[in-house]
Protein chains: 2
Amino acid sequence: MTQPGFSTRERILGAAEVLFARHGFAGASLRQVTAGARVNLAAVHYHFGSKEGLIEEVFRRRLDQLNRERLAALARVAERGNASLEDVLDAFIRPALEQSLEAHGGGAFVRVLARAYAEHDERLRRFLSENYGHVLREFASVFMRLLPHLDKERLYWRLDIIAGAVTYAMADFGIVKRRSTTSEETHRRQAVTHLIAFAAAGLRA
Amino acid sequence: MTQPGFSTRERILGAAEVLFARHGFAGASLRQVTAGARVNLAAVHYHFGSKEGLIEEVFRRRLDQLNRERLAALARVAERGNASLEDVLDAFIRPALEQSLEAHGGGAFVRVLARAYAEHDERLRRFLSENYGHVLREFASVFMRLLPHLDKERLYWRLDIIAGAVTYAMADFGIVKRRSTTSEETHRRQAVTHLIAFAAAGLRA
DNA sequence: CCGCGGATCAAACGATCGTTTGAATGGTAG
DNA sequence: CTACCATTCAAACGATCGTTTGATCCGCGG
């Protein structure tokens, strides 16, 4: 992604994603980004206007794809008719897993996303809510049908808890140390399996 | 905490905690910190040696107290003999809640802690592991006794998931918007109640 | 009374930050 | 070939960063 064969724009986005994941939005400088992407410093402002514009584009690119896949997976599950709780959770979580396993540093974005939560930035929250709020609402309505005994407030609380756990687990922030004999891919896949089982039990309680 | 009546050292720690929570470790400058604490810029280096030293002391001060209270709560639960899963979870989570409700900006530290996870900094992780790893091990062994059907690997995965959920919920990163009629204290207390119920169900699965 | 030392202060250090400028580059339409 | 326009480039802008310096303050023991 940061190598020749990709456009200047794509190389900047790729390098920014990795460096934002590693050092944070304030901690990663545009000079580090442009050095990593092997492009001129001014290219960032030419293509994205500002550092803030670059940050937003890093989000937009990945989240557009991620939420398209989530809605597609949800639709696939819903039309089968006999969807289980685990199926719906899988439709939400697995696309994030698959993206994190993509070739060109896909694993970095889940950490950028976790950073964004920690940033607690109001502008960013509004951006996320406006562009991707409908995805969450769609999942919530399906959960509501599957858990008729659960009142709305309880459901929202639990989905919130799950969202936090997913973010945390996918970003590999945990204390469970990956064994050197286990690949990063296997580790992430195990995390998803445990997450789904745990979340389903918590929702059914 | 940032007001007269507290020592220079305490005022710096208080202001730093709030600003690190709001803007991150890289995003909050020492000039902002010393301005907020109403002390001279050089006071940071006089009392803490460097910005890194200040960050470590912000952690040490709160975590020492937090984990002392966690172990005390665990001991209180254990000696009663008939401890439930919910009791043990409460011993882990409630001290964090109580600290977040303390008078002098206690709510800031849980967000600083969440930032630290996101930072993914190896030095900081080692610092946390060396100083507070024994607390986690102690809780794990109690959970192991209460959940004899659960193998060690599964237990560790689930505790990891819970730790993530707790961190995110206490830091108020969620999408559940607090109603204007609900105080921040009530909101946090509700979060803990839902967390414990959810986590207990997930562990029993 | 003096003088020592911890604490605080204003001021400046060089480095690095995001951003801007204006010129060079190179492909393409007329 | 010429003219144009999107792109890339080196260089510099002022602002702000963490850190250091040396002077100044002030309470306390001798």
Side-chain angles (χ1 to χ4, degrees), chain A residues 1-61 112 115-116 119 121-124 127, chain B residues 1-61 112 115-116 119 121-124 127:
Chain A
M1 187 78 78
T2 65
Q3 294 305 318
F6 290 93
S7 70
T8 295
R9 201 187 134 86
E10 285 168 333
R11 297 223 302 280
I12 292 174
L13 286 171
E17 192 171 65
V18 170
L19 287 163
F20 287 156
R22 196 174 304 166
H23 302 117
F25 302 111
S29 73
L30 293 185
R31 282 170 177 80
Q32 289 177 278
V33 169
T34 52
R38 280 182 239 277
V39 303
N40 187 274
L41 172 61
V44 170
H45 291 84
Y46 179 79
H47 287 281
F48 304 101
S50 67
K51 185 177 185 177
E52 197 65 33
L54 170 60
I55 293 173
E56 282 203 8
E57 194 54 33
V58 166
F59 279 99
R60 194 185 309 275
R61 185 180 60 147
V112 173
R115 292 262 190 190
E119 291 291 332
D121 181 278
E122 208 45 57
R123 285 190 54 250
L124 196 55
F127 169 76
Chain B
M1 187 78 77
T2 64
Q3 295 303 318
F6 289 93
S7 69
T8 296
R9 201 187 131 86
E10 285 167 332
R11 297 224 300 282
I12 292 174
L13 286 171
E17 192 171 66
V18 170
L19 287 163
F20 286 156
R22 196 173 304 166
H23 303 116
F25 303 110
S29 73
L30 293 185
R31 281 169 178 83
Q32 288 178 277
V33 169
T34 52
R38 281 183 239 273
V39 302
N40 187 274
L41 172 61
V44 170
H45 291 84
Y46 180 78
H47 287 282
F48 304 100
S50 67
K51 185 176 186 177
E52 197 66 31
L54 171 60
I55 293 174
E56 282 201 8
E57 195 54 32
V58 166
F59 278 99
R60 194 185 311 274
R61 183 180 62 146
V112 174
R115 292 263 189 189
E119 290 293 330
D121 181 278
E122 208 46 55
R123 284 191 54 251
L124 194 56
F127 169 76

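Reminder, nothing fancy here: chain letters follow the sequence lines and each chain counts from 1.
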Identify every side-chain donor-acceptor pair in residues 28-35 of chain A under 3.5 Å, counting partners at least two apart or on other chains, and give the distances.
| unit_1 | atom_1 | unit_2 | atom_2 | d |
| --- | --- | --- | --- | --- |
| Ser29(A) | OG | Arg31(A) | N | 3.4 |
| Ser29(A) | OG | Gln32(A) | N | 3.1 |
| Gln32(A) | OE1 | Ser29(A) | N | 3.0 |
| Thr34(A) | OG1 | Leu30(A) | O | 2.8 |
| Thr34(A) | OG1 | Arg31(A) | O | 3.3 |

Spacing between Arg9(A) atom CZ and dA6(D) atom C1', to the nearest angstrom: 14 Å
Qualifying residues under salt bridge (charged side-chain N to carboxylate O under 4.0 Å, His left out), relative to Glu119(A), sequence neighbours excluded: Arg115(B)
Salt bridge (Lys or Arg N to Asp or Glu O under 4.0 Å): pairs with one or both residues in residues 40-50 of chain A, sequence neighbours excluded: none
Pairwise distance CD1(Ile55(A)) to CD(Glu17(A)) - rounded to 0.5 angstrom: 13.0 Å
Presence of His47(B) side-chain N/O under 4.0 Å of dG6(C) phosphate oxygens OP1/OP2: no
Side-chain N,O (Thr8(A)) to OP1/OP2 (dT8(D)) below 4.0 Å: yes
Nucleic acid footprint by protein, nucleotides 11-22 of chain D - heavy-atom cut-off 4.0 Å, B for base, S for sugar-phosphate alone: -B----BBBBB-
Residue pairs involving residues 40-52 of chain A (criterion side chain to side chain donor-acceptor pair (under 3.5 Å); sequence neighbours excluded): Glu52(A)-Arg123(A)
Atom pair CZ (Arg11(B)) and CZ (Phe6(B)), whose distance is rounded to the nearest 0.5 Å: 10.0 Å
Gap between atoms OH and C1', on Tyr46(B) and dT8(C) respectively (whole Å): 9 Å
